[in-house]
Q: 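Got a structure here, written out as structure tokens. Questions coming.
Here is the naming used below: chain letters follow the sequence lines, and residue numbers restart at 1 for every chain. Just so we're clear, the structure is a prediction, and the values are computed from it rather than from any experiment.
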There are 2 protein chains.
Amino acid sequence: MPRSHFPEIRTLELFQAMQEDHFLSLMRGSYVQNFPPQIELINEGDPSDFLHIVVSGSVDLFSTWNGRETSMATVHPVSTFILAATIKDAPYLMSARTLEKSRIVLVPSQDVRAVFDIDPVFAHAIVAELAQCYRSVVKTTKNLKLRTSLERLANYLLRQQTHAEGAAEFDLAIEKRRLASFLGMTPENLSRAFKGLRAYGVEVEGIKVHISDQQDLERFAKPSSLIDDYST
Amino acid sequence: MPRSHFPEIRTLELFQAMQEDHFLSLMRGSYVQNFPPQIELINEGDPSDFLHIVVSGSVDLFSTWNGRETSMATVHPVSTFILAATIKDAPYLMSARTLEKSRIVLVPSQDVRAVFDIDPVFAHAIVAELAQCYRSVVKTTKNLKLRTSLERLANYLLRQQTHAEGAAEFDLAIEKRRLASFLGMTPENLSRAFKGLRAYGVEVEGIKVHISDQQDLERFAKPSSLIDDYST
DNA sequence: TTCATCTCTTGATATTTATCAGGGCCAGCG
DNA sequence: CGCTGGCCCTGATAAATATCAAGAGATGAA
């Protein structure tokens, strides 16, 4: 794998503080691959041979059961995914597919576990990352169980707005189809939910979202740091 | 804290392999407390001062938002809870209350983090535990998003049956009220769901559940190891 | 015991969400 | 250009789920 990728991977919290030679030995065994859109990288249930890192493009994590499918998360650069399966040497719980042309780094799970065993700093970083992931999914569960679909959408929009530094107008980061699935609803209902939020000053046209009165929307959405703040 | 509790706590995977003196230093700072039923041990949003261990009794982990409440999990002896918050030194995401008279060990979070920093074996165990917790919540999310309430109940019953070593008749481990909340439905609908499962050979009377034809129920429930097997 | 309280159940009804069918719009392609 | 296919929207309808109200049965306290 070309050394040119090392710096940006090294910026990931997971790899930031670890010993240089351990980092290099991880990278030595890894390789980069370019994938076209809509390629299935991982199939849930498969053994977890690699820790994946999205360097460019984006990846959809999704799950299926009994002919149904749901989007669990979208991974943007630069991030890793499926760390837990790698560490546990357990089968993947989610499938992954590229959403666009993407460059993915594949780190053999075996190597990750080996370095994890000998580098306490790396182990520390893995704990931090796993705890973070865990808390994110707990928030997702709370979101699903405590809120209606309209409330989930309202809070999603407020989070996106925060992400856009509070701008009144911003673009949706993912297509509506996938957003619906991510929020646990059908595309048809997402359409109707957008219409339902007009009453709180939300206007949508294509991928453009305009929030005319953030406070009004917040009064309805009642965002909570214990559900919507993914940084803690 | 009395040394008599040490052995059973030591049997927890989290503490099993760690250095004896580290274990003792953790225990030295800890204390045991007996709580009556329905006592709130933790309030979500509070700083995570202690890692909790249920030694006897049982504890309900739940969350609230906007006047609504949902049960996230029930913790039985001997297990820890809210490890992630302890490690991250972040606020609790869930509240906890005793369901019955319970004995709880409280280990100062600070101590846990300190030992975690110096004992690689303990760090290793924490990673394993966190990965496990993470995967459990992912399974919960899949369960919620991919299945109807009837399917969730059917699979819950099959899991309980497995837990009862496949017996055709077994007792519900938690009261129906809480089960409904855990499964993401109302008590009224749980009642109706039980009736709906009669078509697949499920009979319920009080806390007694009888499954007359496990295969028939499985044909309906379609259990999957990637959702229902909490051991991997 | 008796009373009060609580859980559970049931029926009626309302709300939420999904499904089905149709049509508009737009990008990519022959 | 004119297709075609994918996405998105909309309306009608169906299914799933929640709410409300009432009553039966269990439990625990005075």
Q: Does a donor on one side chain sit under 3.5 Å from an acceptor on the other, for Thr64(A) and Glu44(A)?
A: yes
Q: Which nucleotide in the list dT7(C), dC8(D), dT17(D) gets nearest to the side chain of Lys176(A)?
A: dC8(D)
Q: In whole Å, what is the span from the CD atom of Glu175(A) to the P atom of dG5(D)?
A: 19 Å
Q: Rounded to whole Å, how long is the line connecting atom CD1 of Ile174(A) with atom P of dC7(D)?
A: 14 Å
Q: The side chain of Met185(A) is closest to which nucleotide in this list: dA18(C), dC7(D), dT10(D)?
A: dA18(C)
Q: Whole angstroms only, please: what is the CD1-P distance between Ile207(B) and dT9(C)?
A: 12 Å
Q: Grab the CZ-P distance between Phe194(A) and dT17(C) for me, whole Å please.
A: 15 Å
Q: Does CD in Glu100(A) sit with more than 12 non-hydrogen atoms of other residues, nucleotides or ligands closer than 6.0 Å?
A: yes
Q: Do you know which two heavy atoms are closest between Thr232(A) and Lys139(A), and how far apart they sit?
A: O-NZ, 2.5 Å
Q: Which whole-number value in Å describes the distance from Leu190(A) CG to dA18(C) P?
A: 11 Å
Q: Assess Lys142(B) against Phe62(A): is NZ or CZ under 6.0 Å from the centre of the six-membered ring, and within 45 degrees of the ring's axis?
A: no
Q: Roughly how many Å is it from CG in Leu183(B) to P in dA16(D), rounded to a whole number?
A: 17 Å
Q: Whole angstrom is fine here: how far is it from CG in Leu197(B) over to P in dT9(C)?
A: 13 Å
Q: What orientation do Tyr92(B) and His52(B) show, parallel under 30°, tilted 30 to 60°, or perpendicular over 60°?
A: perpendicular
Q: Under 4.0 Å: is that the gap between some side-chain N or O of Lys195(B) and OP1 or OP2 of dT9(C)?
A: no
Q: Counting only side-chain N and O atoms of Ser149(A), is one of them less than 4.0 Å from OP1 or OP2 of dT17(C)?
A: yes
Q: Whether Arg103(B) engages the ring of Phe35(B) as a cation-pi pair (distance to the six-membered ring centre under 6.0 angstrom, angle to the ring normal within 45°) should be assessed.
A: no
Q: List the protein contact pattern of nucleotides 19-24 of chain C with one symbol per nucleotide (5' to 3'): B for base contact, S for sugar-phosphate-only contact, - for none; contact means a heavy-atom distance under 4.0 Å.
A: BB----
Q: Verify the distance criterion only: is there a donor paired with an acceptor across the side chains of Thr186(A) and Asn189(A) at less than 3.5 Å?
A: yes
Q: Send over the distance from Glu151(B) CD to dA15(D) P, rounded to a whole Å.
A: 15 Å
